[in-house]
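Any value given below was found using the heavy atoms of this structure, including those in side chains, with hydrogens, waters and symmetry copies removed. Here, residue 1 is the first one in the sequence, and each next residue gets the next number.
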Amino acid sequence: MSDKLTIARIKKAGQTFEISVDTDKALEYKKGLITDLREVLHADNIFSDAKKGLIAPAESLATAFQTTETEKIAKAILLQGEIQLTSGHRAQERDQKRKKLIHMIHIQAVDPNTNYPHPATRIEAALNEAKIHLDEHKQVEEQFDEIVSKLRPILPLKIEQKTLIVSIGSQYIGKANQIVRSKKLLSEDWKSDGSWQATVELPAGLVQEFVDKLNSITHGDVGIVEKD
């Protein structure tokens, strides 16, 4: 999908700063899929109002960004600001979020009557029946628990939790820390040899993905034990 010229903007120091971008490329840049700003920008200027062609004064840029370099400011706007989306892009994002939600329910929850996951088609039908709509301004993860609660009267759901004890050597703690802390951290213990032991709780359906990530980062040098 290729779109017409659009705007990315940010508000800093009480002022609005804008850049003219290609929407698809801007979204790819924000996700880290491309790194060349030349593919993203339609103009080598920072504007106070791009549609009117008003270029932001250098002193305003220096105050807000502590620099007047276009590349550094454009990068800050893309990563921290808001990319103006067309109706087509918004519809695409809604569809992607809905698919992510359905997948999350499918892998994290089971039917308590059978202990098997619900098919994706059944989950989608239940979302439609419950008239559940995702908040476009929040991540799917932030809304997950609330949506599951709303679905339960229509679709029986049980999310089985697993408790894991994770032991990581000192050389891998820096890389693994964020992954471990992304789950519910129940306790942690720093050992005298510099290793780290953490007890975490997470949905059973996410255990394998969690284990695979830690094995990848530590090259398999990680201890993971399920706690009874």
Validation row: [X], [Y] side chains within 4.5 angstrom (heavy atoms):
X: F47; Y: I19; result: no
X: L33; Y: Y29; result: no
X: L134; Y: L101; result: yes
X: I77; Y: I73; result: yes
X: E226; Y: T163; result: no
X: L41; Y: S20; result: no
X: F17; Y: I10; result: yes
X: I83; Y: L27; result: yes

May I ask you to check whether over 12 heavy atoms, not counting those of [X], lie within 6.0 Å of atom [atom1]?
X: Q139; atom1: CD; answer: no
X: K183; atom1: NZ; answer: yes
X: D44; atom1: CG; answer: no
X: K158; atom1: NZ; answer: yes
X: E59; atom1: CD; answer: yes
X: E71; atom1: CD; answer: no

For this session: Would you please test D111 and T114 for side-chain contact (heavy atoms from CB on, under 4.5 Å) and show each step?
Result: CA-CA 6 Å; D111 183 338; T114 64; 3.4 Å; yes
Quick one: does [X]'s side chain have a donor or acceptor within less than 3.5 Å of a partner on [Y]'s backbone?
X: R9; Y: E82; result: no
X: Q66; Y: T63; result: yes
X: E18; Y: A50; result: yes
X: T218; Y: L214; result: yes
X: K97; Y: K138; result: yes
X: Q143; Y: D135; result: yes

May I ask you to decide whether [X] forms a salt bridge with [Y], counting only side-chain N to carboxylate O separations under 4.0 Å?
X: D36; Y: R38; value: yes
X: E136; Y: R94; value: yes
X: E160; Y: K162; value: yes
X: K51; Y: D49; value: no

Rounded to the nearest 0.5 Å, how far does [atom2] of [Y] lie from [atom1] of [X]?
X: K72; Y: T67; atom1: NZ; atom2: OG1; result: 5.0 Å
X: K75; Y: E69; atom1: NZ; atom2: CD; result: 12.0 Å
X: D22; Y: E39; atom1: CG; atom2: CD; result: 9.5 Å
X: I147; Y: H133; atom1: CD1; atom2: NE2; result: 11.0 Å
X: Q96; Y: K99; atom1: CD; atom2: NZ; result: 7.5 Å
X: S216; Y: I179; atom1: OG; atom2: CD1; result: 8.0 Å

For this session: Starting from the C-alpha separation in whole Å, work towards a yes-or-no answer on side chain to side chain donor-acceptor pair (under 3.5 Å) for Q84 and T6.
Result: CA-CA 6 Å; Q84 183 186 59; T6 49; 5.4 Å; no
Where [X] and [Y] come nearest, the two heavy atoms and their spacing:
X: G81; Y: K30; result: O-NZ, 2.9 Å
X: T70; Y: N45; result: CG2-N, 4.4 Å
X: I168; Y: A176; result: CD1-CB, 3.6 Å
X: K25; Y: I34; result: O-CD1, 3.5 Å
X: P203; Y: I159; result: CB-CG2, 3.9 Å
X: L78; Y: A8; result: CD2-CB, 4.3 Å

Exercise. What's the verdict on salt bridge (Lys or Arg N to Asp or Glu O under 4.0 Å) for E201 and K227, showing C-alpha distance, side-chain angles and the deciding distance?
Worked result: CA-CA 10 Å; E201 184 181 82; K227 186 176 180 181; over 6 Å; no
For this session: Applying side chain to side chain donor-acceptor pair (under 3.5 Å), run through S195 and S170 and close with a yes or a no.
Result: CA-CA 5 Å; S195 63; S170 58; over 6 Å; no
Exercise. Regarding K12 and the six-membered ring of F65, is the cationic atom NZ or CZ under 6.0 Å from the ring centre and inside 45° of its axis?
Worked result: yes
Shared ILVMFWY cluster between [X] and [Y], side chains joined below 4.5 angstrom?
X: L185; Y: V225; result: no
X: V222; Y: L206; result: yes
X: V110; Y: V148; result: no
X: I132; Y: M104; result: yes
X: L164; Y: Y172; result: yes

Seminar exercise, completed: Which of I224, T199, L186, V200 passes side chain to side chain contact (heavy atoms under 4.5 Å, CB included) with I165? It is T199
Problem set entry | Test side-chain contact (heavy atoms from CB on, under 4.5 Å) applied to I55 and I46, step by step | CA-CA 6 Å; I55 296 174; I46 309 298; over 6 Å; no
Exercise answer: donor-acceptor pairs, residues 122-131 side-chain atoms, under 3.5 Å, sequence neighbours excluded:
{"unit_1": "R122", "atom_1": "NH1", "unit_2": "H118", "atom_2": "ND1", "d": "3.2"}
{"unit_1": "N128", "atom_1": "OD1", "unit_2": "R98", "atom_2": "NH2", "d": "2.6"}
{"unit_1": "N128", "atom_1": "ND2", "unit_2": "E124", "atom_2": "O", "d": "3.3"}

Problem set entry | Sequence neighbours excluded, every pair satisfying ring-ring contact (aromatic ring centres under 6.0 Å, His included) that has a member inside residues 190-221 | W190-W196
